[in-house]
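Right, one structure below, let's go through it.
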Protein chains: 2
Amino acid sequence: MIVPAMTTDDSPRSDKVDQILQGALQEFLSRGYAGTSMDRVAATAGVSKPTVYHHFQDKEGLFCALVQHIAQVRFYGTLTPCPCAGPPVTTLRQLLEHMLESIAADDEYQDFVRLVIGESGRFPALARLFIIHITKPGIERVQSYLADHPELGLPDPVATAHILVGTVVYVTLTQHILHGQDLIALPQKRLVNALMALLLAKATPASEMSPDLEEVITGADDTL
Amino acid sequence: MIVPAMTTDDSPRSDKVDQILQGALQEFLSRGYAGTSMDRVAATAGVSKPTVYHHFQDKEGLFCALVQHIAQVRFYGTLTPCPCAGPPVTTLRQLLEHMLESIAADDEYQDFVRLVIGESGRFPALARLFIIHITKPGIERVQSYLADHPELGLPDPVATAHILVGTVVYVTLTQHILHGQDLIALPQKRLVNALMALLLAKATPASEMSPDLEEVITGADDTL
DNA sequence: GTCTATATCTAGATAGAC
DNA sequence: GTCTATCTAGATATAGAC
């Protein structure tokens, strides 16, 4: 018996199936759909090629099953954590910072985004799975939080959630996925400060803003 | 002599080279890098395969030359038009709407984005070319406009430009590139309204806002 | 269910004629 | 410079033994 190369221990459907999905994950994430060969998938999974074809109809079937599985299990809700309790101003800042940092630190998620976007023209159904299981839950969690805190004075929590999440995703895309970190200099704190300033400008006019609140908005230190 | 793969070349090209680039564009945009065969490139270009290899070192060289050419010539500055004259509030609204609409209408640009992001893990240098020639000029044009209009009262035009462009790109990504238009409903006007409201909240406190300006901010009609 | 071995095709890249 | 014809490696998928 061959020991699986990379076991992250999931649901015990079938040992071989999980092995194959693990191998397919590695290969498809690093080489793309067309660049991946079933030979390499089988080798990386530690099984033979006919075993792969016994469990999955063909290359396309394996790819679709993999993306669906990953979107639902591995990366479900990756985009946003559960907002913790506390004053909205602090919570929102932490939320944005956590989103930026967790995506920036997750190379596998970045590869998954590359794969899904890259194949979205040829596999539109998979792109829509990504929207359903990852993008949409993230946006909805933010917009629920915004809607639950009317003291923020936001006229449109739904659109505002798109602006917040959109800005975070865009910056991650350019800085990390497209390797533009040194080409477009924009420190995380400066971006979050700007977002918070826009969000809170209406809720708290400058004339009513206390020094304490001002500090919370602009951040603890000003190393821009 | 073989044409260098990565040069800034403005000299007139031979007919065949343009034919090959045109064929390569069609094939690579619709099939991706690994999914494209040199046979099909040659056939689509209307030349023979050895002719392709005479002008380009290999498949990778052709691909890099193509992306560089497209980023510099075909899509340079696609992201944002030149801001026209007029009051900043109106101009900004038109700018955002024009960005959203022009990207949404340009299928070839969407395919190019899919290609560059999809290959950004294996061709990081091409992703950086995309940043340099397309992303960065767009952001800089917006931030210059914002900085040139201090009456908007924006504390950080650079970060604000990222928020505006980022929101537009993110919405385009989810709605069109990832085919999520019917999954995430967010009418363009509603998004632009929310962006304008955030931008102008600080510049014009509600107490000083005239009915006319209010209408400009929230849009002419309210078909949300 | 899983393997060894293989059929069939298409890929990238090139010789050599003109 | 451009073509026809071809080489070789690697691709998807399967037959058939265990």
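As the structure is a prediction and not an experimental result, all values here were calculated from the model. Order of the sequence lines sets the chain letters (A, B, ...), proteins ahead of strands, with each chain counted from 1. FYI, side chains are in, hydrogens and waters are out, and symmetry mates aren't considered; it's all heavy atoms of this structure.
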(request) Quick one, give me the B/S/- string for nucleotides 3-8 of chain D, reading 5' to 3', where B means a protein heavy atom under 4.0 Å from the base and S means that only happens at the primed atoms, P, OP1 or OP2. (result) BB----

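We find that OH of Y53(A) is positioned 17 Å from P of dA7(C), with the value rounded to whole Å. The distance between atom CG of L62(A) and atom C1' of dA13(D), rounded to the nearest whole Å, is 14 Å. Atom-to-atom, CZ of F56(A) to C1' of dT2(C) comes out at 15 Å; the value is rounded to the nearest Å. Between E60(B) atom CD and dG12(C) atom P the separation is 13 Å, expressed in whole Å. Computed from coordinates, the K59(A) NZ to dT14(D) P distance equals 15 Å when rounded to whole Å. Between the P atom of dT8(C) and the CE atom of M38(A) lies a distance of 20 Å, rounded to the nearest Å. Going from atom CZ of R40(B) over to atom C1' of dG12(C) covers 16 Å, rounded to whole Å. In this structure, OH of Y33(A) is placed 12 Å from C1' of dA11(D), rounded to the nearest angstrom.
E27(B) and T36(B) share no donor-acceptor pair across their side chains, judged by distance under 3.5 Å alone.
The shortest heavy-atom contact between L115(B) and Y33(B) is CD1-N, 4.0 Å.
In summary, R74(B) and D106(B) engage in a salt bridge, as defined by a charged side-chain N under 4.0 Å from a carboxylate O.
The distance between the ring centers of F63(A) and F56(A) does not fall below 6.0 angstrom. The distance between the ring centers of Y109(B) and F75(B) falls below 6.0 angstrom.
Residue pairs meeting the side-chain hydrogen bond (donor to acceptor under 3.5 Å, both in side chains) criterion with at least one partner in residues 160-169 of chain B, sequence neighbours excluded, do not occur; the list is empty.
The 5' end of DNA chain C is approached more closely, in terms of each residue's nearest nucleotide, by H54(A) than by the other of D39(B) and H54(A).
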